[in-house]
Every structure is written in C-alpha cells, then in structure tokens.
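Nothing here was measured: the structure is a model prediction, and the numbers come from that model.
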Amino acid sequence: VQLQASGGGLVQAGASLRLACTASGRIPSIYYMGWFRQAPGKEREFVAAAGWSAGVPYYADSVKGRFTISRENAKNTVYLLMNSLKPEDTADYYCATAQNGRRWAGRDETDEYDYWGQGTLVTVSS
C-alpha cells in the first residue's frame, strides 16, 4: 500500500484545515487507517482512526470535538478535518494503514500500522 498525504499549511489559531490521505496498491487488505502527528522533539502521537469500510471513528482526547476523520472509498481517500486549530496542534501529520489481521484495539499504537505516508506539515500560529 502506498499512501500520499496532503493538505498541510500555515494557518492562524482558530482556523481550519483538511488533510487528505490517498491510498493505492493493496486496497482490499486495508482494515483501518489512522492519523498520527509528531511535533519537533516529541514522540509520534495518535490523532484519529477509522475503519476502512465501516465502524465508529476513534479520537485522541486532545482533538475530540475539533477533528473529524472521514473516508471517501470511491477515491480511496481518508480525510482529517481539523477545526479550531491551536498552536499546540503544530506538527507533521502522518497517515497510516493497518492491514487485515491487525487489532482494532491497537488503533492508537504506531506498532499496529503497516504502511505510512510521508508527513504533511501543519503550522498554527498564535
């Protein structure tokens, strides 16, 4: 599976951005997709995850109520709509897929994901 992330940019606090992650390759073997982020000097952290075909999305507490993950299966694309952005949301954002056989219970763990896209930088100014 190859993943192409896009949509990052520089915005002011309170603004919105929508990230997109388009998958190609072994699409039928994708179980779920997640978004992670990594700020300078910090570890990569979980943001959101959603089943590729069905299921209830799952969010980190830090973004719950502000971010929405959605999918457009016809385009093999998963989106992350980020509203009410804060300076602490500044990070490189990565999308990743977990293939069939992985555990949904591990959706917030980097080790549970098989393929990763390149990061897309989100910078939120105060």
Any side-chain heavy atom of [X] within less than 4.5 Å of one from [Y]?
{"X": "T68", "Y": "Y59", "result": "yes"}
{"X": "T97", "Y": "W52", "result": "no"}
{"X": "V63", "Y": "M82", "result": "no"}
{"X": "S6", "Y": "T120", "result": "no"}
{"X": "T110", "Y": "E43", "result": "no"}
{"X": "N76", "Y": "I30", "result": "no"}

For [X] versus [Y], what's the shortest heavy-atom pair and its separation?
{"X": "S126", "Y": "A13", "value": "CA-CB, 4.4 Å"}
{"X": "G8", "Y": "L19", "value": "N-CD2, 3.6 Å"}
{"X": "S62", "Y": "R37", "value": "OG-NH2, 3.6 Å"}
{"X": "L80", "Y": "A48", "value": "CD1-CB, 4.2 Å"}
{"X": "L85", "Y": "L17", "value": "CD1-N, 3.9 Å"}
{"X": "R26", "Y": "V1", "value": "O-CG2, 3.6 Å"}

### Message
When you measure from the side chain of E112 to the backbone of A98, do you find a donor-acceptor pair of N or O atoms at a distance under 3.5 Å?
### Response
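Not confirmed, E112 side chain does not pair with A98 backbone.
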#### Entry: Flag, side chain of R44 to backbone of Q38, donor-acceptor distance under 3.5 Å
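No: the side chain of R44 does not pair with the backbone of Q38.
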### Message
Centre-to-centre under 6.0 Å for Y32 and W104, is that the case here?
### Response
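Yes: the rings meet the under 6.0 Å criterion.
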### Query
With a 3.5 Å cut-off and no angle check, do the side chains of S70 and E72 form a donor-acceptor pair?
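Per modelled atom types, S70 and E72 side chains form no pair under 3.5 Å.
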### Task
To the nearest 0.5 Å, tell me how far L121 CG sits from D92 CG.
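The distance works out to 5.0 Å.
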### Task
Drop me the distance from I27's CD1 to Q2's CD, to the nearest 0.5 angstrom.
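Going from CD1 on I27 over to CD on Q2, the span is 8.5 Å.
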### Qualifying side chain to side chain donor-acceptor pair (under 3.5 Å) pairs, either residue in residues 12-23, two or more places apart
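For residues 12-23, and leaving out neighbouring residues, the side chain to side chain donor-acceptor pair (under 3.5 Å) pairs sorted by first residue read S16-N83, T22-T77.
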### Query
Looking at F67, Y58, Y93, which one forms a ring pair (Phe, Tyr, Trp, His ring centres under 6.0 Å) with F46?
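Only one option passes, and that is Y58.
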### Query
Are the charged groups of K64 and D61 less than 4.0 angstrom apart, N to O?
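Salt bridge: yes.
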### Query
Going hydrophobic residue to hydrophobic residue with side-chain gaps under 4.5 angstrom, can you get from L3 over to V47?
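Same hydrophobic cluster.
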### Query
Under the side-chain contact (heavy atoms from CB on, under 4.5 Å) criterion, do V78 and W35 qualify, and how do the steps go?
CA-CA 9 Å; V78 172; W35 285 97; 3.8 Å; yes
#### Entry: With Y31 via ring-ring contact (aromatic ring centres under 6.0 Å, His included) - residues at least two apart
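Here no residue qualifies.
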#### Entry: Test applied, side-chain contact (heavy atoms from CB on, under 4.5 Å); reference residue, Y113; option that passes from Q99, R102, R107, M33
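Result: among Q99, R102, R107, M33, R107 is the only option passing the side-chain contact (heavy atoms from CB on, under 4.5 Å) with Y113.
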